[in-house]
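Comments concern the structure below.
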Amino acid sequence: MGKFNLSHRVVLAPLTRSRSYNNVPQPHTILYYSQRASNGALLISEATGVSETAQGYPNTPGIWTKEQVEAWKPIVDAVHAKGATFFCQLWHVGRMFDSAGKTPVSSTDKILTPKIGDDGTVISQFIQPRRLRREEIPDIVNHFRLAARNAIEAGFDGVEMQGANGYLLEQFMKDKVNDRTDEYGGSLENRCRFVLEVVEAVVNEIGGERVGIKLSPFSELGECGESNPKECVHSLEPMRKAFNDGHNYGEWSSSMRLSLSAKSKLGLIDGTVKVSLAADSRFP
Ligand SMILES: Cc1cc2nc3c(=O)[nH]c(=O)nc-3n(C[C@H](O)[C@H](O)[C@H](O)COP(=O)(O)O)c2cc1C
């Protein structure tokens with residue numbers, strides 16, 4: 001995979017564990033990841049917050065403080081000692097947030113409907129999000145950039161942006177959520193603008209060969225859907241232009257989770273970016 005020598009195509013998917021107390025990875029995480037590492041393997045870490053405002057679930061790790069970076073170091077070392085490659089998944093939950101104490105930010109001020117269990121009880125009651133102001137967006141882009149730098153400082157081989165499953169990046173991309181009227185909403189190009197700015201900033205910081213993004217164009221998780229699912233393939237159009245990978249998305253099957261090598265056509269990206277797609281039952 002690019003400059004990384006992998007011995008097989010079985011990848012550890014990013015799996016949230018909620019065991020990083022106070023958002024700091026704990027020493028027991030060394031055992032968890034080293035048990036899953038082997039020579040020539042690729043591991044992607046659990047989703048890891050890029051800033052305090054990016055967090056939405058209790059005890060998920062972050063990578064915006066010195067303490068967090070230092071805590072990741074022995075974990076990454078243990079994975080490397082087994083001969084594996086380790087990418088850190090960077091996320092911002094946006095409006096997918098159900099704890100009191102702060103106002104989540106999003107592309108929108110539309111609140112998620114509460115999650116109701118089979119017995120009719122409310123499992124999650126979401127908090128009213130606040131639509132990011134135009135002038136706040138560069139700060140969030142910068143948080144991804146700094147988090148990517150921190151990930152490299154912690155020893156990770158690269159980062160994967162969480163652009164799937166209803167979180168902030170997807171809240172900008174999908175038209176059932178993004179109701180903005182500025183240059184970050186409306187057309188597909190506009191809805192992909194924030195994500196491409198994040199990708200560009202991160203690539204400029206750590207190099208394209210170390211950067212990936214996870215997308216779930218057909219998923220409706222977190223009420224992040226496209227109004228015309230039949231045209232979902234086209235939701236990747238700006239990404240395709242940016243990454244110039246020339247792949248025929250229509251041929252992908254439902255069980256695929258792909259990493260593609262891609263280069264910039266728009267001049268945004270200097271190097272190779274990996275794009276992985278979350279499998280989804282609504283894949284054509
Ligand atoms: C417990 C659990 C935690 C997960 N946490 C994350 C996560 O932190 N980041 C992420 O991108 N996906 C997460 N996922 C989704 C998985 O990475 C994966 O996409 C999903 O299980 C489907 O696997 P597949 O795409 O390989 O078929 C999680 C899934 C489970 C079951």
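This structure is a prediction, so every number in the text was calculated from the model and none was measured. Residues take their numbers from the sequence shown, with the count starting at 1. Just so you know, ligand 1 is whichever comes first in the structure, and atom 1 is the first atom listed for that ligand.
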- Message: Any nitrogen or oxygen of Gln89 lying under 3.5 Å from a nitrogen or oxygen in ligand 1? Just yes or no.
- Response: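 Yes, at least one N or O pair falls under 3.5 Å.
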
- N or O contact, Glu46 vs ligand 1, cut-off under 3.5 Å: no

In ligand 1, which numbered atoms sit nearer than 4.0 Å to a non-hydrogen atom of [X]?
{"X": "Lys214", "result": "10 (C), 11 (O), 12 (N), 15 (C), 16 (C), 17 (O), 18 (C), 19 (O)"}
{"X": "Ala13", "result": "17 (O)"}
{"X": "Ala47", "result": "8 (O)"}
{"X": "Gln162", "result": "9 (N), 10 (C), 11 (O)"}
{"X": "Asn165", "result": "12 (N)"}

- Task: Nearest heavy atom to atom 7 (C) of ligand 1 wins, so pick from Ser219, Gly163, Pro14.
- Result: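 Looking at heavy atoms only, the winner is Pro14.
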
- Shortest heavy-atom approach to atom 29 (C) of ligand 1 - which of Leu15, Thr60, Val11: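 Heavy atom nearest to atom 29 (C) of ligand 1 belongs to Leu15.
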
- Query: Do you know which two heavy atoms are closest between Arg95 and Gln171, and how far apart they sit?
  - Reply: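 Looking at all heavy atoms of both residues, the closest pair is N-OE1, 3.0 Å.
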
- Query: How would you list, by chain and number, every residue that makes a side chain to side chain contact (heavy atoms under 4.5 Å, CB included) with Ala54, sequence neighbours excluded?
  - Reply: Val50, Ser51, His92

- Message: For the residue pair Ser18 / Asn59, report whether a side-chain donor-acceptor contact shorter than 3.5 Å exists.
- Response: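 The criterion, which ignores hydrogens and geometry beyond distance, is not satisfied for Ser18 and Asn59.
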
- Message: Can you see whether Glu46 engages Tyr32 through a side-chain donor-acceptor pair at a distance of less than 3.5 angstrom?
- Response: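 No, no side-chain donor-acceptor contact under 3.5 Å.
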
- Message: Check this for me, if you would: do Glu183 and Arg134 make a salt bridge, where the nitrogen-to-carboxylate-oxygen distance has to be below 4.0 angstrom?
- Response: yes

- Query: Taking atom CG of Asp118 as the centre, does the number of heavy atoms from other residues, nucleotides or ligands within less than 6.0 Å exceed 12?
  - Reply: no

- Query: For residues 39-61, which residue pairs qualify under ring-ring contact (aromatic ring centres under 6.0 Å, His included), counting only residues two or more places apart or in two chains?
  - Reply: Tyr57-Trp91

